[in-house]
Amino acid sequence: MSRDTIAEIITSIRNANMDKKETLRIPSSNITENIVKILLQEGFIENVRKYRQNNKYFLVSTLRRHKRGIQKMILKRISRPGLRIYSNYQRIPKVLGGMGIAILSTSQGIMTDREARLKGIGGEILCHIYIC
């Protein structure tokens, strides 16, 4: 049985958000670092730092707080190990008409839907993220 690291990240962020926790600890890998970096650039999380514990690396992220508390973030896994979803750059879906983001795995790395459209490359649609 293989591990779906992307689904684990999404689930842990979703659970921390629903539980109204401020910080979150995620096991570190190249994929998780790239996804968390995108979330940081897009403003879904405030802060990220990497630390080591017992020869394993972890990312500790601080979820973004809204004026009325922690904002409700909706994360949805699109492509999964049993059903991969690919798209060319012309058919990359706009999440909520451009209000949310789609994270794609492309030949040039993991990036948002806007970056992929600008570069003219498609790829595997990993997840959709937006705020209610």
>> Is it the case that the side chains of Tyr86 and Arg91 hold a donor-acceptor pair, with the cut-off being a distance below 3.5 Å and no angle test?
In response: no
> Should Arg117 and Lys94 count as side-chain neighbours, where that means a heavy-atom distance under 4.5 Å?
Replying inline: yes
> What's the spacing between Arg64 CZ and Leu39 CG if we round to 0.5 Å?
Replying inline: 12.0 Å
>> Distance check, rounded to the nearest 0.5 Å: Ser29 atom OG versus Glu8 atom CD?
In response: 9.5 Å
> Who passes side-chain contact (heavy atoms from CB on, under 4.5 Å) against Arg52, sequence neighbours left out?
Replying inline: Asn55, Tyr57
>> Quick check for you: to the nearest 0.5 Å, what is the distance between Ile74 atom CD1 and Ile10 atom CD1?
In response: 12.5 Å
> Is Val36 reachable from Phe58 through a run of hydrophobic residues whose side-chain heavy atoms are each under 4.5 Å from the next?
Replying inline: no
>> Using every non-hydrogen atom in the two residues, find where Ala102 and Pro93 come nearest and quote the distance to one decimal.
In response: CB-O, 4.4 Å
>> Just verifying a value: how many Å separate Arg14 CZ and Ile9 CD1, rounded to the nearest 0.5 Å?
In response: 12.0 Å
>> Nearest 0.5 angstrom please: Ile110 CD1 to Glu33 CD, how far?
In response: 10.5 Å
> Same cluster for Leu40 and Leu104 if Ile/Leu/Val/Met/Phe/Trp/Tyr side chains link at under 4.5 Å?
Replying inline: no
>> Could you check whether any side-chain heavy atom of Ile35 comes within less than 4.5 Å of a side-chain heavy atom of Ile6, counting everything from C-beta outward?
In response: yes
> Side chains of Met73 and Leu63: does their closest heavy-atom pair fall under 4.5 Å?
Replying inline: yes
> What heavy-atom pair brings Ser28 and Lys50 nearest, and what distance separates the two atoms?
Replying inline: OG-CE, 3.7 Å
>> Measuring from atom CD1 of Ile103 to atom CG of Asp113, what distance do you get when rounded to the nearest 0.5 angstrom?
In response: 9.0 Å
>> Using a 6.0 Å cut-off, check whether atom CG of Asn30 has over 12 heavy atoms from anything other than its own residue.
In response: no
>> Between Arg114 and Glu42, does the salt bridge (Lys or Arg N to Asp or Glu O under 4.0 Å) criterion hold? Intermediate values first, please.
In response: CA-CA 11 Å; Arg114 280 181 242 119; Glu42 295 292 323; 3.4 Å; yes
> Would Ile85 end up clustered with Tyr89 when hydrophobic side chains under 4.5 Å apart are linked, directly or stepwise?
Replying inline: yes
Identify every side-chain donor-acceptor pair in residues 121-130 under 3.5 Å, counting partners at least two apart or on other chains, and give the distances.
{"from": "Glu124", "atom 1": "OE2", "to": "Ser79", "atom 2": "OG", "distance (Å)": "2.6"}
{"from": "Glu124", "atom 1": "OE2", "to": "Arg84", "atom 2": "NH1", "distance (Å)": "3.0"}

> Transitively linked via ILVMFWY side-chain contacts under 4.5 Å: Ile38 with Ile92?
Replying inline: no
>> Can you see whether Thr62 engages Glu22 through a side-chain donor-acceptor pair at a distance of less than 3.5 angstrom?
In response: no
> Can Met99 be reached from Ile45 by stepping across I, L, V, M, F, W or Y side chains whose heavy atoms are under 4.5 Å apart?
Replying inline: no
>> Do Phe44 and Ile131 make a side-chain contact, defined as non-hydrogen atoms from C-beta onward lying under 4.5 Å apart?
In response: yes
>> Quick one, Asn47 and Ser61 - any side-chain contact, counting heavy atoms below 4.5 Å?
In response: no
